[in-house]
Amino acid sequence: MELLKAAIRDVGQVLNDNVLKVDSFLNHQIDPALMMAVGEEFARLFVDEGITRILTLESSGIAPALTAGLKLGVPVVFARKKRSAIMNEQAYHTQVYSFTKQETNEVTVLKKFLPAGETVLIIDDFLANGEAALGLASLVEQAESSVAGIGIVIEKAFQNGGAKLKEAGYRVESLARIASLSGGHVAFVEDLAQVK
Ligand code: 5GP
């Protein structure tokens with residue numbers, strides 16, 4: 001998605017060879033117009049899958065999930081990373097190891113917001129080693145619903161999450177795929193393909 005790649009090139013900050021910071025449009029400040037375009041692209045890609053619900057993880061998945069949900073006309077649910085005192089109802093739980101925080105969080109969603117028999121689109125901001133997406137998929141499967149696909153805003157294709165999710169049988173669609181962050185430079189998968 002060219003608009004997204006342009007934003008990554010223009011304002012993305014390469015923190016090291018493994019981490020990209022995009023807090024000026026996705027992870028802290030949010031660019032609503034760009035998020036609308038991201039949601040429209042997810043909707044275009046998954047419109048034929050019969051999606052009935054979107055599941056994401058707080059907090060950075062919420063903006064792209066919301067715009068995709070608006071476009072597809074389905075509810076958006078975000079799994080919580082911290083158990084809240086008011087969450088005293090029946091819930092599904094799973095453990096997710098966080099790539100950026102290097103800690104394991106228990107991720108929770110209330111059963112009433114993830115009923116059985118739904119066709120769920122999982123959305124997240126980044127794909128690194130696939131832990132977050134696999135955790136969300138586990139919640140969907142616990143609910144006896146099915147995962148119709150996984151939509152990722154930015155995939156770091158040099159990490160193994162994409163391969164893991166595809167091996168597990170999931171359809172994965174990433175709007176920007178980064179081949180390398182070496183030397184402080186963002187190289188997209190397509191850029192490298194053109195060089196070869
Ligand atoms: P995974 O679970 O696939 O290993 O990592 C994905 C999760 O870690 C995403 O939910 C995202 O919040 C975070 N993450 C992974 N890599 C990056 C990165 O390069 N930059 C930022 N901002 N977040 C990342």
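Only this structure's heavy atoms are used, side chains among them; waters, hydrogens and symmetry mates stay out.
- The hydrophobic cluster containing Leu110 also contains Val140, counting ILVMFWY residues as joined when their side-chain heavy atoms lie under 4.5 angstrom apart, directly or transitively.
- Between atom OH of residue Tyr92 and atom CG of residue Leu136 there is a gap of 14.5 Å, rounded to the nearest 0.5 Å.
- For the residue pair Gly151 and Leu121, the shortest heavy atom distance occurs at N-CD1, 4.1 Å.
- Side-chain contact check for Val96 versus Thr94: some heavy-atom pair is nearer than 4.5 Å.
- Residues Val109 and Leu134 are members of one and the same hydrophobic cluster, defined by side-chain heavy-atom contacts under 4.5 angstrom among Ile, Leu, Val, Met, Phe, Trp and Tyr.
- When every heavy atom of Ala179 is checked against every heavy atom of Leu192, the shortest pair comes out as CB-CD1, 3.5 Å.
- Across all non-hydrogen atoms, the minimal contact from Ala79 to Val107 is CB-CG1, 3.4 Å.
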Using the side chain to side chain contact (heavy atoms under 4.5 Å, CB included) rule, take Leu26 and Val153 through it: C-alpha gap first, then chi angles, then the decisive distance, then the call.
CA-CA 9 Å; Leu26 178 58; Val153 183; 4.1 Å; yes
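- Within 6.0 Å of the CD atom in Glu58, the count of heavy atoms belonging to other residues, nucleotides or ligands exceeds 12.
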With side chain to side chain contact (heavy atoms under 4.5 Å, CB included) as the criterion, how do Val147 and Glu141 come out once you've worked through the C-alpha distance, each side chain's angles and the decisive distance to 0.1 Å?
CA-CA 8 Å; Val147 176; Glu141 280 150 19; 4.1 Å; yes
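- From Phe78, atom CZ reaches atom CG of Leu57 across 10.0 Å, with rounding to the nearest 0.5 Å.
- Of the inter-residue distances, the one linking Ser24 atom OG with Asp31 atom CG reads 8.5 Å to the nearest 0.5 angstrom.
- Side-chain contact of Gln102 with Ser98: a donor-acceptor pair under 3.5 Å is absent, judged by distance alone.
- Contact of the Gln142 side chain with the Lys111 side chain is not registered, since no non-hydrogen atoms from C-beta on lie closer than 4.5 Å.
- The main-chain N or O of Ser182 is found under 3.5 Å from a side-chain atom of Ser180 such that the two form a donor-acceptor pair.
- Residues Arg171 and Glu49 are paired through a salt bridge, judged by an N-O separation under 4.0 Å between the basic side chain and the carboxylate.
- Residues Phe158 and Leu181 have side chains in contact (heavy-atom distance under 4.5 Å, counting atoms from C-beta outward).
- Listed by first and then second residue, the side-chain hydrogen bond (donor to acceptor under 3.5 Å, both in side chains) pairs involving residues 8-20 amount to none (not counting sequence neighbours).
- For the atom pair CD1 (Ile154) and OG (Ser60), the distance works out to 10.0 Å, reported to the nearest 0.5 Å.
- A salt bridge links Glu89 with Lys112: at least one charged nitrogen is closer than 4.0 Å to a carboxylate oxygen.
- Environment of NZ in Lys71: sparse, with no more than 12 heavy atoms of neighbouring residues, nucleotides or ligands closer than 6.0 Å.
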Given Gln159 and Phe99, is the side chain to side chain contact (heavy atoms under 4.5 Å, CB included) satisfied, shown in steps?
CA-CA 11 Å; Gln159 293 173 307; Phe99 174 79; 3.2 Å; yes
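- Linking Ile, Leu, Val, Met, Phe, Trp and Tyr residues whenever their side-chain heavy atoms come within less than 4.5 Å places Leu45 and Leu3 in a single cluster.
- Here Glu131 contributes atom CD and Asn105 contributes atom CG; the two are 11.5 Å apart, rounded to the nearest 0.5 Å.
- At least one side-chain heavy atom of Ile8 sits less than 4.5 Å from a side-chain heavy atom of Leu20.
- Note: Leu139 CG to Leu114 CG = 7.0 Å, rounded to the nearest 0.5 Å.
- The two residues Ile30 and Ala63 have their closest heavy-atom pair at CD1-CB, 3.9 Å.
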Only pairs under 3.5 Å count here: list side-chain donor-acceptor contacts from residues 32-44, not counting sequence neighbours, and write none if there are none.
{"unit_1": "Glu41", "atom_1": "OE1", "unit_2": "Arg44", "atom_2": "NE", "d": "3.1"}
{"unit_1": "Glu41", "atom_1": "OE2", "unit_2": "Arg44", "atom_2": "NH2", "d": "2.8"}

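- Tested against Thr108 for a side chain to side chain donor-acceptor pair (under 3.5 Å), the candidates Arg80, Lys82, His93 yield a single pass: His93.
- Taking 4.5 Å as the limit, some side-chain heavy atom of Glu173 sits within range of a side-chain heavy atom of Phe46.
- Surrounding CD of Gln90 are at most 12 heavy atoms belonging to other residues, nucleotides or ligands under 6.0 Å away.
- Counting only residues at least two apart or in different chains, side-chain hydrogen bond (donor to acceptor under 3.5 Å, both in side chains) contacts with residues 115-129 comprise Asn27-Asp125, Thr52-Glu118, Arg53-Glu118.
- Closest heavy-atom contact between Pro115 and Ser145: O-OG, 2.6 Å.
- No continuous path of ILVMFWY side-chain contacts below 4.5 Å connects Ile123 to Leu127, so the two sit in separate hydrophobic clusters.
- Taking 4.5 Å as the limit, every side-chain heavy atom of Ile178 sits out of range of all side-chain heavy atoms of Val189.
- Side-chain contact between Asp191 and Val186 is absent, with no heavy-atom pair separated by less than 4.5 Å.
- The side-chain heavy atoms of Leu72 and Ile54, taken from C-beta on, include a pair separated by under 4.5 Å.
- Contact record, Lys5 with Ala176: CG-CB, 4.2 Å, taken as the closest heavy-atom pair.
- Transitive grouping of hydrophobic side chains (ILVMFWY, heavy atoms separated by less than 4.5 Å) keeps Ile51 and Ile122 in distinct clusters.
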